[in-house]
Each structure stands twice: as structure tokens, then as C-alpha cells.
Amino acid sequence: MKKILNKNLTLFYTSNFPKKFSYNSTKKHTVTIGIGGNIGNTKTIFDKLLLYLRNDTRFDLLITSPLLLNPPFGFLEQNHFLNGIIALKTNLAPNDFLKNMQRLEKRLGRKRSFQDAPRTLDIDIIFFDDKKINTQNLIIPHKDWANRESVIIPLKHL
């Protein structure tokens, strides 16, 4: 099912997006990640990501948002992006969590060529508990998240 928000923005509802998972997690950190992609079958890639996360005991999935089809920003000569939000729990520290997400991006075909380039999968850490981190490798909350429709609209639907 889809819901057209305006000429540039469409929400998609699939079997995994949105979805609530029934975990009474005892893990200590709540993490909100943004996912995006515009190369290949993005919905299938997102489903594979969920499967990896579900099968990894280091993560307990909580909820996913609907998926938002929206135009690119930065580098504009590319396809629209599909974006969504996943909330989960983990005991991993922020830098270890980042390394795991980067491994999953690579496993699902991510190649880094230039900033804002087309990609199969991008995983951004939007929030990690209420932590504020600003290092060369990691900025939490994610830089400029509050100004991105690709984050704000799916977040509103959690």
C-alpha cells in the first residue's frame, strides 16, 4: 500500500515496514537508525537487513516505520531514495555498534565512492539513548537529522 504525501513524497507500507516486534528486551541501549538506498531493489535489501538484525543476538528489534520515497539531496543527479527508521536495543557501545552497521552496509552491497552518492544501503545512527557524541568517526545525534524529511517523516510514524 502507498500513501502520496505530495508530488515528491510517498509513504509505502510493506509486511516489515511499519512493524512492531514483541521483545521485552533487557539490553541497555535504545538506538534509532535511519536506513536509505536508491540502487537495486531497496525494499528487498531492507528486508534482508531486518533479517540479519533479527538473527543477531546482539540486537532486539523494537519497531520500524513506513518507508518514504523522497528526492535526493546534495548530489541531485540520481534516483529518488527510499528511507525508513528502525528502533532497536543493544548492549554494544556506540563505536562498536557503528562498526557492525558498516559491516552490514558492506555485506548488502554498499560501495563508498563520494559524499551523497547513490547507494544500495546507508545506515545512519540517528539517536543512541540520549548520548551526544562528536568525534571524527561518529556524530550522535546524527548531523542535521531534524532538517531531513527522510528522517522526520518516518520518525513521526513510529
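As a basis for the values below, the full set of heavy atoms in this structure was taken, side chains included, without hydrogen atoms, waters or symmetry mates.
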So which atom in [X] and which in [Y] form the shortest heavy-atom distance, rounded to 0.1 Å?
X: Thr14; Y: Leu67; answer: CG2-CD1, 4.5 Å
X: Arg110; Y: Leu121; answer: CD-O, 2.9 Å
X: Lys43; Y: Leu82; answer: CG-CD2, 3.6 Å
X: Phe17; Y: Asp47; answer: CE1-OD1, 3.8 Å
X: Ile152; Y: Ala146; answer: CD1-O, 2.6 Å
X: Ile123; Y: Leu104; answer: CD1-CB, 4.3 Å

> side chain to side chain contact (heavy atoms under 4.5 Å, CB included) between Glu105 and Arg119: does it pass, once the steps are laid out?
Replying inline: CA-CA 10 Å; Glu105 284 177 339; Arg119 60 204 79 149; over 6 Å; no
Counting distance only, does the side-chain N/O of [X] pair as donor-acceptor with the main-chain N or O of [Y] below 3.5 Å?
X: Asp129; Y: Lys131; result: no
X: Asn91; Y: Lys28; result: yes
X: Asn38; Y: Asn79; result: yes
X: Thr120; Y: Gly109; result: yes
X: Ser65; Y: Gly84; result: no
X: Thr64; Y: Asn16; result: yes
X: Asn6; Y: Leu9; result: yes

Atom [atom1] in [X], atom [atom2] in [Y]: separation rounded to 0.5 Å?
X: Phe73; Y: Asp144; atom1: CZ; atom2: CG; value: 8.0 Å
X: Leu108; Y: Arg103; atom1: CG; atom2: CZ; value: 13.5 Å
X: Leu68; Y: Leu155; atom1: CG; atom2: CG; value: 11.5 Å
X: Ile125; Y: Asn95; atom1: CD1; atom2: CG; value: 8.0 Å
X: Leu49; Y: Ile33; atom1: CG; atom2: CD1; value: 6.0 Å
X: Leu50; Y: Ile86; atom1: CG; atom2: CD1; value: 4.5 Å

> Quick one: does Val151's side chain get under 4.5 Å of Ile85's, heavy atoms only?
Replying inline: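 Yes, their side chains come closer than 4.5 Å.
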Quick check on [X]: does its [atom1] atom have over 12 non-hydrogen neighbours (other residues, nucleotides or ligands) under 6.0 Å away?
X: Glu149; atom1: CD; answer: no
X: Arg54; atom1: CZ; answer: no
X: Asp130; atom1: CG; answer: no
X: Lys27; atom1: NZ; answer: yes

Is it possible for you to say whether [X] and [Y] belong to one hydrophobic cluster, with membership spreading through side-chain heavy-atom contacts below 4.5 Å?
X: Leu138; Y: Ile126; answer: no
X: Phe21; Y: Phe46; answer: yes
X: Ile45; Y: Leu88; answer: yes
X: Leu5; Y: Met1; answer: yes

> Where does the angle between the aromatic ring planes of Phe97 and Phe59 fall among parallel (under 30°), tilted (30 to 60°) and perpendicular (over 60°)?
Replying inline: perpendicular
> Are Thr90 and Asn100 close enough, and set up right, to give a side chain to side chain contact (heavy atoms under 4.5 Å, CB included), and what steps lead you there?
Replying inline: CA-CA 11 Å; Thr90 187; Asn100 274 273; over 6 Å; no
> Knowing that exactly one of Ile133, Thr32, Leu98, Ile140 qualifies, which makes a side chain to side chain contact (heavy atoms under 4.5 Å, CB included) with Phe128?
Replying inline: Ile140
> For Met101, which of Leu92, Ile35, Leu53, Asp96 qualifies under side chain to side chain contact (heavy atoms under 4.5 Å, CB included)?
Replying inline: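 Only one option passes, and that is Leu53.
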> Does Tyr52 have Arg107 sitting over its ring (NZ/CZ under 6.0 Å from centre, angle to axis within 45°)?
Replying inline: yes
